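Working notes for the structure below.
Since this is a predicted model, take the numbers as computed values, not measurements. Because only heavy atoms are used, hydrogens play no part in the values below, and waters and symmetry mates are left out as well, while side chains stay in.
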Amino acid sequence: MTAPFRSLVKDYPRYLKSFELFLDRSSEHQCMQDFIHNTLPDILGSIGGGRSIFNVMGVGSGTGEIDLEMLAQLHMKHPQVKVNNEVVEPSTDMLHKYKVLASKTPNLDYINFSWNKMTASEFEKHWQERKLGKKMDFIHLIQMLYYVKDPETTVSFFRSLLDEDGKLLIIQVSGEGGWAKLIRTYRAALCNPEISQCVTMGDIKTFLDTKDIQYSNYVLQSHMDITECFTEGDEVGELLLDFLTEVVEFSKNAPEDLKKGVLDLLRHPDCSKEVDGRIMFNSSMEVVVVEP
Ligand code: SAH
């Protein structure tokens, strides 16, 4: 069945608004930062083969906070190294915010930014046309594989760009968390078949295992306060519901039975728990660090 709704990601301004609200209401970026500070430095220590210039690439970088945090850790590990940083991001609004953040962040002289306002697949075409043959030391695909048509091809393409000691880092929702439950239950109604919206890290790991590709795996326990979703007509709740379902104006557009089903599931102990009167959704993620 084709999903009858408009995908949130096709409406970049509303996507940005609900994404920022999601960041505000969740421990998403905090969990990523903890990983970046505690675990990533050792991973970054092994890349680059002693060269003086590293090639880094962020795909679906959004507003850049996480990218800059990783670049700061890379700089601490390799203080003498210059970095060519390719940014691939199709949303004008997101890219603009990233550029503003980069311009305001001190001590980024070691980075040369290349801004690519395009999707991952447009970038793939662009890269092949340029025939640079350049190899990458570090590439990341963070919370973006939902928006490509074929995540396996996307992972394979970016992995093929890695240098022999390069690393590909992927973050995606956990195959065990609340999102996976929501997706599994309402795939036919919610998931846009033009993109791979419903893909979890469980699917990515199955693909890597099938191809015998080596990776390391980490779980990021995250949660999201969805209390307002249960107050009819609440603007915050509606934007959060859009983000959860990836549907533009879900509560206006969804039939009553689907709306009720989704709200009941979001509140179910499989997806959420109540803490001090707030409904906390399990938005756990997983990281894989893929070998070349
Ligand atoms: N990595 C960032 C942003 C995640 S949100 C972070 O974790 O903070 C997902 C991002 O993917 C958005 O910035 C969105 O604009 C971008 N995106 C959407 N479709 C894409 C596509 N086809 N290719 C690459 N990026 C895409």
For E291 and K167: C-alpha separation, side-chain torsions, deciding distance, then whether salt bridge (Lys or Arg N to Asp or Glu O under 4.0 Å) applies. CA-CA 6 Å; E291 301 293 326; K167 299 273 187 261; 3.2 Å; yes

Begin with the C-alpha distance, continue with both residues' side-chain angles, and end with the deciding distance and a verdict on salt bridge (Lys or Arg N to Asp or Glu O under 4.0 Å) for R6 and E249. CA-CA 9 Å; R6 183 149 177 251; E249 299 198 284; over 6 Å; no

Determine, step by step, whether K205 and N217 satisfy the side chain to side chain donor-acceptor pair (under 3.5 Å) criterion, reporting the C-alpha distance in whole Å, the side-chain angles of both residues, the deciding distance to 0.1 Å, and the verdict. CA-CA 9 Å; K205 287 194 292 189; N217 185 203; 2.9 Å; yes

Please lay out, stage by stage, how Y218 and F35 fare under the test ring pair (Phe, Tyr, Trp, His ring centres under 6.0 Å). CA-CA 9 Å; Y218 312 84; F35 173 82; 5.2 Å; yes

Under the salt bridge (Lys or Arg N to Asp or Glu O under 4.0 Å) criterion, do E256 and K259 qualify, and how do the steps go? CA-CA 5 Å; E256 278 309 312; K259 223 165 92 178; 3.6 Å; yes

Chi angles and distances behind the side chain to side chain donor-acceptor pair (under 3.5 Å) call for E86, N116: CA-CA 7 Å; E86 297 271 356; N116 302 274; 2.9 Å; yes

Between E194 and Y147, does a side chain to side chain donor-acceptor pair (under 3.5 Å) hold up when you go through it step by step? CA-CA 9 Å; E194 287 168 24; Y147 309 118; over 6 Å; no

Passes ring pair (Phe, Tyr, Trp, His ring centres under 6.0 Å), F281 versus H223? Steps please. CA-CA 5 Å; F281 178 73; H223 55 261; over 10 Å; no

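Here the side chain of S272 pairs no donor or acceptor atom with the backbone of H268 at under 3.5 angstrom.
One hydrophobic cluster, built from ILVMFWY side chains closer than 4.5 Å, cannot hold both V59 and L68; they sit in different ones. Tracing side-chain contacts under 4.5 Å through hydrophobic residues (I, L, V, M, F, W, Y), one reaches I47 starting from I142; they form part of the same cluster.
A donor-acceptor pair shorter than 3.5 Å can be found between the side chains of H37 and E69. A side-chain donor from one of S251 and E238 sits under 3.5 Å from a side-chain acceptor of the other. Side-chain contact, D137 with N55: no donor N or O sits under 3.5 Å from an acceptor N or O. A side-chain N or O of T153 and one of D150 form a donor-acceptor pair less than 3.5 Å apart. In this model, no donor atom of one side chain and acceptor atom of the other lie less than 3.5 Å apart for D93 and Y15. No side-chain donor from either of S61 and E89 sits under 3.5 Å from a side-chain acceptor of the other. E28 and Q143 share a side-chain donor-acceptor pair at under 3.5 Å. Donor-acceptor pairing under 3.5 Å is recorded for the side chains of T63 and E65. Between the side chains of D242 and S18, no donor N or O sits under 3.5 Å from an acceptor N or O.
When the options S284, S27, S174, S283 are evaluated for a side-chain hydrogen bond (donor to acceptor under 3.5 Å, both in side chains) with Q221, the one that passes is S284.
Heavy-atom contacts from other residues, nucleotides or ligands closer than 6.0 Å to CD of Q128 number more than 12.
Counting heavy atoms from C-beta on, the side chains of F158 and H140 never come closer than 4.5 Å. I171 has its side chain out of reach of E286: every pair of non-hydrogen atoms, C-beta onward, lies at least 4.5 Å apart. The shortest side-chain heavy-atom distance between K17 and F243 does not fall under the 4.5 Å cut-off.
For S26, there are no side chain to side chain donor-acceptor pair (under 3.5 Å) partners at least two apart in sequence or on another chain.
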